Novice: 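My questions will all concern the structure given below.
All residue numbers refer to positions in the sequence shown, counting from 1. These numbers were taken from a predicted model, which means no experiment stands behind them.
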Amino acid sequence: MAKKFIDVMDTTFRDGFQSVFGGRVLLNDFLPAVEAAKEAGITHFEFGGGARFQVPYFYLNENAFDNMDKFREIVGPDANLQTLARGVNTVMLDTGSRELVDLHAKMFKKHGTTTIRNFDALNDVNNLIDSGRSIVNHGLKHEVVVTMMDLPPGCEGAHTVEFYEKILRDILDAEIPYDSVCFKDATGTANPQKVYETIKMARRLLPEGTHIRLHTQETAGISVAQNLAALEAGADGIDAAAHPVSGGTSQPDLLVMMHAIKGKDYDFGFDFEKILKYEATLKECLADYFIPPEATMVEPLIQFSPMPGGALTANTQMLRDNNMMDKFHDAILAMREVVEKGGYGTSVTPVSQFYFQQALNNTLMGPWNKIAPGYGRMVLGYFGKTPVAPDAEVVKIAAEQLGLEPTTEKAIDLADKDEKKSVAFWTKRLEEEGIETTEENIFIAAACDEKGITFLKGEAEVNVRKLSEMQNEKEECQGMGSGNYTVVVDGQKFSVQVAEGDANIQVTAVQGEAAASAAAPAGEGEEIKALLPGNVWKVVANPGQSVAEGEKIMILESMKMEIDVLAPRGGVIKSINVNVNDKVVEGQVVAVIG
C-alpha cells in the first residue's frame with residue numbers, strides 16, 4: 001500500500017527567521033537559499049505575514065511587498081506561498097476596520113500569496129468572520145485556525161479538547177469559508193496526547209477530505225512528539241524549518257522530521273541529499289548573523305510561562321537593544337500570573353506580546369502597578385472575548401489606569417468607529433507628508449503607523465545583528481582613547497575610566513540612573529528622567545508651556561510599549577532635552593520643569 005503523502009510547509013523564511021532573529025534578515029542575504037529550497041523540491045513555503053510584514057519597515061529599510069514579489073519570482077507560479085494573519089488584526093499593530101481587513105487580503109493576493117493562515121489569539125470566532133470572507137473573496141485560500149497551548153500547571157478553564165471542539169463548532173456554525181484547518185501551537189506546549197485527541201476530534205467533526213494540519217514550535221522540547229501524534233491521529237500536514245533556523249524557538253528541522261517518520265506509512269516527498277544541500281546553502285547565507293543563544297535552546301520554563309518562539313527572540317532582541325537583557329528571566333517567571341489573570345488567551349501574537357509587556361512591567365515596577373496598554377485593553381474586551389473571564393481586580397485596575405470601561409462590543413465594530421482606522425485617514429496622512437497614495441502605501445502606513453511613515457519618507461534605518469559588525473564595534477571599543485565611558489555588559493551599565501597608555505582599565509559599577517545622569521545636560525528646575533530605555537516617539541509639551549501635575553510631556557516607545565512621561569508636579573517646562581526618534585537610556589534626563 002502506498003504511503004500517505006504529508007504536505008510539509010517550509011517555515012524557514014517566515015517563522016524560522018522570526019523565531020531565531022526576530023525576523024531581522026535582509027532579503028539579498030537569503031535569496032540563494034530560496035533558490036536552493038526550490039531545487040530541493042520544496043513547493044510549499046511560509047513567505048510573509050505576521051511580524052515579518054512589519055520587521056522590514058521597522059528594522060531592515062525594506063518593503064515587504066517587494067520582498068514577496070521577489071520570492072514569487074524565484075519559486076515560480078505554481079508554488080503554494082502562505083502568509084500568516086491575525087484575524088481582525090491581520091498584520092497590523094492594532095485591530096483593523098473592515099476596509100483595512102479587506103485591503104490586507106487584496107494587497108497580499110496582488111503580491112504573490114496563495115494561502116493565508118488566519119487565527120485569533122483569543123479564539124473569538126467573531127474575529128475570524130470578516131477576515132476569512134475577505135481572504136476568500138479576493139481569490140485566496142483560507143486556512144482557518146484554532147490556537148492551542150497547555151495552561152501552566154494548576155490552571156484550568158480552557159485549552160482542553162472540549163474547548164477546541166467548541167471553537168471548531170463555532171467556526172462551522174458561523175459559516176466561515178475555509179480551504180483547510182490548522183491547529184496552531186506557537187508555544188509548543190500542548191502535550192502530545194492532547195494533540196492526538198484534538199486532531200481525532202477534528203477528523204470526526206469536519207467533512208470528509210478536509211485538510212488538517214498542525215503547527216508547533218520546539219521551544220518546550222516536544223515538537224517531534226506533537227507532530228507524530230498529529231500524524232497518527234490523521235493530520236494531512238505539518239510545518240518544519242531548515243537548519244540553522246530550526247529547533248529551539250523555531251519549528252522542528254526538516255531532516256529531523258524525515259528521520260522521525262522512518263518506518264512509518266508517511267511520505268514527505270523529499271530527498272535527504274537535496275535537503276542537506278539546501279540546509280548547507282542556508283547556513284552559508286546566514287553565517288554572519290548573530291544567533292541568540294536562547295534561540296537554539298529548549299526552555300523547560302516555557303510550560304509554566306508559555307511564550308512563543310517568535311515572540312521570545314523578538315523580545316530578547318529588543319531587551320538587548322534597550323540594555324535590559326538582565327530582566328528577561330524575571331519577566332518570563334512573571335508571565336505565569338499574567339496568563340492566569342488575563343483570561344487564558346492563547347500566547348501567540350498579539351496576546352503573547354501583551355503577556356510579556358505586562359510581565360515586564362510587573363518585574364520593573366511591581367505587580368500590577370502599571371498596566372501595559374495592550375494587556376489592559378485585552379482584559380477590558382477591546383480585542384474580543386477572552387476564553388474565561390479575566391481577574392476582576394486586574395480588570396478594575398486596567399479600567400482605572402487606561403480610563404476605559406469594559407466592553408462586549410465586537411472588536412471590528414469598534415475599529416469601524418475609529419477614524420484613525422479608515423483608509424481616508426491614512427490617505428490624508430500620506431498626502432500631508434507628500435507620499436504617493438497607492439493602496440500599498442496606505443496599508444503600510446495603517447499597519448506600521450509612524451514607523452511606516454518614516455520608511456515611506458526614506459528615513460528608515462537598518463538594525464540587524466551581524467557578527468562582522470559586532471566585531472567592528474568591539475575593535476572600536478578597544479581603540480578608545482583616554483576618558484570616561486559608560487558601557488553596557490549583559491544589560492548592566494558600568495562607568496569605565498580609560499587612561500592613555502595605561503594597561504589597567506578601571507571599571508566601577510554604578511546605577512544606570514547615575515551613569516545616565518552624569519552625561520545629562522544641566523538646567524534649572526527639577527529633572528524629569530526616563531524610567532525605561534527606549535526611543536522618543538512623540539514630544540507633547542514645549543519649552544515655556546505650563547503643565548499640571550500628571551500631565552503628559554512626551555511618549556517613549558520601549559519594547560513595543562508606549563510609555564508616558566508625566567509632569568511630576570505643576571509648573572513650566574524649562575527645556576525638552578531630547579528629540580523625536582532619539583534613543584534614551586534609563587535615568588536619562590529628558591526634560592526639566594521649573
Side-chain angles (χ1 to χ4, degrees), residues 86 89 119-124 127 146-160 163-164 167 183-191 194 216-217 219-222 249 294 299-316 319 327-398 406 559-561:
R86 315 177 194 112
N89 281 68
F119 73 91
D120 180 64
L122 300 180
N123 278 312
D124 185 340
N127 290 338
V146 176
T147 57
M148 303 178 71
M149 68 177 186
D150 260 16
L151 295 178
C155 300
E156 58 183 23
H159 292 285
T160 61
F163 173 76
Y164 300 136
I167 301 305
F183 290 88
K184 178 178 173 63
D185 179 11
T187 65
T189 57
N191 68 80
K194 185 172 75 174
T216 189
Q217 322 270 139
T219 320
I222 58 171
T249 54
E294 65 274 6
E299 175 51 82
L301 285 178
I302 291 300
Q303 62 176 303
F304 300 95
S305 304
M307 169 61 68
L312 190 150
T313 50
N315 286 325
T316 57
L319 285 168
K327 308 297 184 185
F328 175 69
H329 187 262
D330 290 341
I332 283 292
L333 291 177
M335 270 192 63
R336 182 174 182 171
E337 180 185 24
V338 168
V339 172
E340 184 173 9
K341 293 190 174 182
Y344 297 147
T346 314
S347 189
V348 61
T349 306
V351 168
S352 57
Q353 202 62 28
F354 300 159
Y355 286 155
F356 188 78
Q357 289 166 351
Q358 188 58 56
L360 186 62
N361 278 4
N362 286 0
T363 300
L364 296 174
M365 306 175 196
W368 311 109
N369 287 332
K370 174 64 177 177
I371 296 292
Y375 186 87
R377 293 177 64 208
M378 177 186 73
V379 299
L380 291 170
Y382 285 84
F383 296 108
K385 185 179 179 180
T386 54
V388 302
D391 181 83
E393 184 61 27
V394 170
V395 171
K396 179 182 176 183
I397 295 170
M559 297 293 298
K560 292 187 179 179
M561 295 182 287

Novice: Report yes or no: does Tyr164 contribute a side-chain atom to a donor-acceptor pair with the main-chain N or O of Met148 at less than 3.5 Å?
Specialist: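 Looks like no, no N/O pair under 3.5 Å.
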
Novice: Would you check if the side chain of Gln358 reaches a backbone N or O of Ala372 as a donor-acceptor pair within less than 3.5 Å?
Specialist: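 Yes; at least one donor-acceptor contact below 3.5 Å.
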
Novice: If the test is side-chain hydrogen bond (donor to acceptor under 3.5 Å, both in side chains), which one of Asn127, Thr346, Thr147 qualifies with Asp120?
Specialist: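 Output: one option passes, namely Asn127.
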
Novice: Would you name the heavy atoms of Arg86 and Thr349 that are closest together and state the gap between them?
Specialist: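 Reported closest heavy-atom pair: NE-CG2, 3.2 Å.
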
Novice: Can you tell if the side chain of Ser347 reaches within under 4.5 Å of the side chain of Val339, non-hydrogen atoms only?
Specialist: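 The answer is no; the side chains never approach within 4.5 Å.
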
Novice: Might you work through the side-chain contact (heavy atoms from CB on, under 4.5 Å) test for Gln303 and Asp150, ending with a clear yes or no?
Specialist: CA-CA 7 Å; Gln303 62 176 303; Asp150 260 16; over 6 Å; no

Novice: Would you find a donor on one side and an acceptor on the other, under 3.5 Å apart, between the side chain of Lys370 and the backbone of Leu364?
Specialist: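 Between the backbone of Leu364 and the side chain of Lys370 there is no qualifying donor-acceptor contact (under 3.5 Å).
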
Novice: Heavy atoms only: give me the nearest Pro387-Ala158 pair and the separation to one decimal.
Specialist: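 Closest approach of Pro387 to Ala158: CB-CB, 3.9 Å.
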
Novice: Evaluate the side-chain proximity of Val379 to Lys341: yes if any heavy-atom separation is below 4.5 Å, no if none is.
Specialist: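 Contact flag for Lys341/Val379 side chains = no.
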
Novice: Please answer whether the main-chain N or O of Gly345 pairs with a side-chain N or O of Tyr355 as donor and acceptor at a distance below 3.5 Å.
Specialist: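 Confirmed, Tyr355 side chain pairs with Gly345 backbone.
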
Novice: Do Thr187 and Thr219 come close enough that some side-chain heavy atom pair is under 4.5 Å?
Specialist: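 They are not in side-chain contact.
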
Novice: Within the distance-only criterion (no hydrogens, no angle test), does the side chain of Tyr344 pair as donor or acceptor with the backbone N or O of Cys155 below 3.5 angstrom?
Specialist: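 Side chain of Tyr344 to backbone of Cys155, a donor-acceptor pair under 3.5 Å: no, none is there.
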
Novice: In terms of the angle between their ring planes, are Phe356 and Phe328 parallel, tilted or perpendicular, with boundaries placed at 30° and 60°?
Specialist: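 The arrangement is tilted - the two ring planes meet at 30° to 60°.
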
Novice: Provide the closest heavy-atom pair for Val351 versus Ala121 in the form atom of the first, atom of the second, distance.
Specialist: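 Nearest pair, atom of Val351 first, then Ala121: CG2-CB, 3.5 Å.
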
Novice: Taking the side chain as every heavy atom from C-beta outward, state whether Pro152 and Glu340 have any pair of such atoms under 4.5 Å apart.
Specialist: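 No, their side chains stay 4.5 Å or more apart.
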
Novice: Can you find a pair of side-chain heavy atoms, one from Lys327 and one from Leu360, that are under 4.5 Å apart?
Specialist: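 Yes, side chains in contact.
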
Novice: Apply side-chain contact (heavy atoms from CB on, under 4.5 Å) to residues Val338 and Arg336 and explain how you reach the verdict.
Specialist: CA-CA 5 Å; Val338 168; Arg336 182 174 182 171; over 6 Å; no

Novice: Which heavy-atom pair separates Met149 from Leu151 by the least distance, and what is that distance?
Specialist: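 For Met149 versus Leu151, the nearest heavy atoms are CE-CD2, 3.9 Å.
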
Novice: Run the numbers on Thr386 and Met378 for side-chain contact (heavy atoms from CB on, under 4.5 Å), then give the verdict.
Specialist: CA-CA 8 Å; Thr386 54; Met378 177 186 73; 4.2 Å; yes

Novice: Once rounded to the nearest 0.5 Å, what's the spacing between atom OG1 of Thr363 and atom CE of Met335?
Specialist: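 Here the rounded value is 11.0 Å.
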
Novice: For the side chain of Thr189 and the backbone of Pro306, is there at least one donor-acceptor N/O pair under 3.5 Å apart?
Specialist: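 Side chain of Thr189 to backbone of Pro306, a donor-acceptor pair under 3.5 Å: no, none is there.
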
Novice: Are there over 12 heavy-atom neighbours, none belonging to Lys194, within less than 6.0 Å of that residue's NZ?
Specialist: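 Enclosed: over 12 neighbouring heavy atoms sit under 6.0 Å from NZ of Lys194.
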
Novice: Write down the atom of Phe119, the atom of Val348, and the distance for their closest heavy-atom approach.
Specialist: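 So the two residues come closest at CE1-CG1, 3.7 Å.
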
Novice: Does Asp185 use its side chain to pair, donor to acceptor, with the backbone of Thr216 at less than 3.5 Å?
Specialist: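 No, because the side chain of Asp185 does not come within donor-acceptor range (under 3.5 Å) of the backbone of Thr216.
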
Novice: Taking all non-hydrogen atoms of both residues into account, name the closest pair between Gly188 and Ile222 and its distance.
Specialist: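 Taking every non-hydrogen atom into account, O-CG1, 3.4 Å.
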
Novice: Please walk me through it: do Tyr375 and Asn361 pass side-chain contact (heavy atoms from CB on, under 4.5 Å)?
Specialist: CA-CA 11 Å; Tyr375 186 87; Asn361 278 4; over 6 Å; no

Novice: Any side-chain to backbone donor/acceptor pair from Gln217 onto Thr249? Under 3.5 Å, distance only.
Specialist: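 Here the side-chain-to-backbone pair exists.
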
